[in-house]
Amino acid sequence: MSTRRKFFQTAGVLGLGVGIVAGGDRKVIAAGTSGLGAGAAAGEARAAGAAVIPTALKLGIAGYTWLHVPMDQSIAMMKWLAIDAFSIKDFYLPLDSDAAKVSEVVGVFSAAGIRIYGAGVIYMKSQPEVDRAFAYAKLLGVELIIGVPNPELLSYVEQKVKETGIRVAVHNHGPEDKLYPSPADVWGRIKGLDERIGLCLDIGHAARAGADPVKAVKEYGARIFDLHVKDLAVLSRDYHPAVLGRGVLDIPGLLRVLKERRYSGYCSIEFEMDMNDPYPGIAESVGYFRGVLNGEG
């Protein structure tokens, strides 16, 4: 029986509870809770004698993960995996939505026990687009925009941050990105700006641009507001994503330094494989993340 098949039989993907499975030299702990909250999942784990997942780091989902997944299905998947937070993308809620539409969508997630903690990634190529992004975040009631503002707009973004108190995390997009390929490119643009302008560290794209994500956390930790967590099958400029823990990135080292730096933002899994049917890979990635946290204690 394959490790992947073992994972799904024991991880409770069909609502069978919390499972622990050893796959090769990897131990995976997954919450497949059939809609149970995180607290209930932890209670089941205790009752079964399983180790309880530490909560020192907060796990979320980056909204782009759900590009080809209907909203009701994404909610079901997050509930099954006991994930209660994500950053919303505009395919679920267009940037020009009115207050009634925003309230409707936020209400659907809230009723399911899921918090929209941020908005993005949002591209901002003009002052009106900056204004629209901040108005959108205000309607959503979020305090974080994950964005890509053109560099010449950063002083205007800083002005909006000061006016609204809404933070901005600038996202690095890898070697193809002409604006912010790596975390260092973001930092070079924002280091002298208001401290509420920081980074969304995408660890996969950072590594493709030649950066070490662990070192980036050490260097820019206080200004990292959001994290897009993924893995790479190979380390190259080209993008070859992998299920978390099956690739080459140092995920245990990353989580260790995040805990040491007392990182308070979300570690949001951004899963960009099999995007029409992402649940198996997301479930394994979540299990690996939680297994590493459990091992770190």
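Throughout, numbering of the chain's residues begins at 1 and tracks the sequence. Note that the structure is a prediction, hence the values are computed from the model and not measured.
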Check: [Y] and [X] side chains under 4.5 Å, non-hydrogen atoms:
{"X": "Val248", "Y": "Val234", "answer": "no"}
{"X": "Ile166", "Y": "Glu143", "answer": "no"}
{"X": "Phe109", "Y": "Met78", "answer": "yes"}
{"X": "Tyr117", "Y": "Val142", "answer": "no"}
{"X": "Lys230", "Y": "Asp202", "answer": "yes"}
{"X": "Val69", "Y": "Tyr279", "answer": "no"}
{"X": "Val105", "Y": "Ile88", "answer": "yes"}
{"X": "Ile190", "Y": "Val168", "answer": "no"}

Closest non-hydrogen atom pair, [X] against [Y]:
{"X": "Gly113", "Y": "Asp84", "result": "O-CB, 3.4 Å"}
{"X": "Ala242", "Y": "Arg246", "result": "CB-C, 4.5 Å"}
{"X": "Cys267", "Y": "Leu258", "result": "SG-CD1, 3.9 Å"}
{"X": "Gly60", "Y": "Ile83", "result": "CA-CG2, 4.0 Å"}
{"X": "Gly245", "Y": "Asp231", "result": "N-OD2, 2.9 Å"}
{"X": "Ile224", "Y": "Ala216", "result": "CD1-O, 4.0 Å"}

Exercise for review: Give every residue pair that meets the ring-ring contact (aromatic ring centres under 6.0 Å, His included) criterion with at least one member in residues 128-158, sequence neighbours excluded.
Suggested key: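 Those involving residues 128-158 do not exist here.
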Check your understanding: According to the ring-ring contact (aromatic ring centres under 6.0 Å, His included) rule, which pairs have a member within residues 236-257, sequence neighbours left out?
Key ->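 Qualifying pairs: His205-Tyr239.
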**Study point:** Chi angles and distances behind the side-chain contact (heavy atoms from CB on, under 4.5 Å) call for Trp187, Glu219
**Key:** CA-CA 10 Å; Trp187 181 247; Glu219 291 181 341; over 6 Å; no
Okay, side chain of [X], backbone of [Y]: is any donor-acceptor separation there less than 3.5 Å?
{"X": "Ser103", "Y": "Ala100", "result": "no"}
{"X": "Asp177", "Y": "Gly174", "result": "no"}
{"X": "Lys58", "Y": "Ser264", "result": "yes"}
{"X": "Asn172", "Y": "Pro183", "result": "no"}
{"X": "Ser87", "Y": "Gly118", "result": "no"}
{"X": "Arg223", "Y": "Ile197", "result": "yes"}
{"X": "Thr65", "Y": "Phe271", "result": "yes"}
{"X": "Glu270", "Y": "Ala62", "result": "no"}

For the atom pair [atom1] ([X]) and [atom2] ([Y]), what is the distance rounded to the nearest 0.5 Å?
{"X": "Tyr220", "Y": "Leu201", "atom1": "OH", "atom2": "CG", "result": "10.0 Å"}
{"X": "Leu199", "Y": "Tyr180", "atom1": "CG", "atom2": "OH", "result": "10.5 Å"}
{"X": "Tyr266", "Y": "Ile146", "atom1": "OH", "atom2": "CD1", "result": "11.5 Å"}
{"X": "His173", "Y": "Lys178", "atom1": "NE2", "atom2": "NZ", "result": "14.5 Å"}
{"X": "Arg167", "Y": "Asp194", "atom1": "CZ", "atom2": "CG", "result": "11.5 Å"}
{"X": "Leu140", "Y": "Leu93", "atom1": "CG", "atom2": "CG", "result": "5.5 Å"}

Practice item. Identify whether the distance between the nearest side-chain nitrogen and carboxylate oxygen of Glu260 and Lys218 falls below 4.0 Å. Key: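 Lys218 and Glu260: not salt-bridged.
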Point to revise | With sequence neighbours excluded, residues passing side-chain contact (heavy atoms from CB on, under 4.5 Å) with Ser110 | key: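 Once residues adjacent in sequence are excluded, Ser110 has no partner under the side-chain contact (heavy atoms from CB on, under 4.5 Å) criterion.
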Review point. Which residues pass the side chain to side chain donor-acceptor pair (under 3.5 Å) test with Ser74, sequence neighbours left out?
Key: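 Partners of Ser74 under the side chain to side chain donor-acceptor pair (under 3.5 Å) test: Tyr92.
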**Study point:** With sequence neighbours excluded, residues passing side chain to side chain donor-acceptor pair (under 3.5 Å) with Tyr263
**Key:**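 Result, side chain to side chain donor-acceptor pair (under 3.5 Å) vs Tyr263: none returned.
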Review point. side-chain contact (heavy atoms from CB on, under 4.5 Å) between Val214 and Arg256: does it pass, once the steps are laid out?
Key: CA-CA 9 Å; Val214 175; Arg256 189 177 306 118; over 6 Å; no
Neighbour count >12 (heavy atoms, 6.0 Å) for atom [atom1], [X]:
{"X": "Arg196", "atom1": "CZ", "result": "yes"}
{"X": "Lys89", "atom1": "NZ", "result": "yes"}
{"X": "Glu195", "atom1": "CD", "result": "no"}

**Study point:** Verdict with supporting geometry, Ile203 and Val229, side-chain contact (heavy atoms from CB on, under 4.5 Å)
**Key:** CA-CA 6 Å; Ile203 67 170; Val229 180; 4.2 Å; yes
Exercise for review: Enumerate the residue pairs fulfilling salt bridge (charged side-chain N to carboxylate O under 4.0 Å, His left out) with a member in residues 95-119, sequence neighbours excluded, ordered by first and then second residue.
Suggested key: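 Salt bridge (charged side-chain N to carboxylate O under 4.0 Å, His left out) check on residues 95-119 returns Lys101-Glu104.
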Exercise for review: Could you go through the side-chain contact (heavy atoms from CB on, under 4.5 Å) check for Leu249 and Leu254 one step at a time?
Suggested key: CA-CA 9 Å; Leu249 297 186; Leu254 177 76; over 6 Å; no
Practice item. Only one of Asn150, Ile145, Val148 passes side chain to side chain contact (heavy atoms under 4.5 Å, CB included) with Met124; say which it is. Key: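 Going through Asn150, Ile145, Val148 one by one, the side chain to side chain contact (heavy atoms under 4.5 Å, CB included) with Met124 is satisfied by Ile145 alone.
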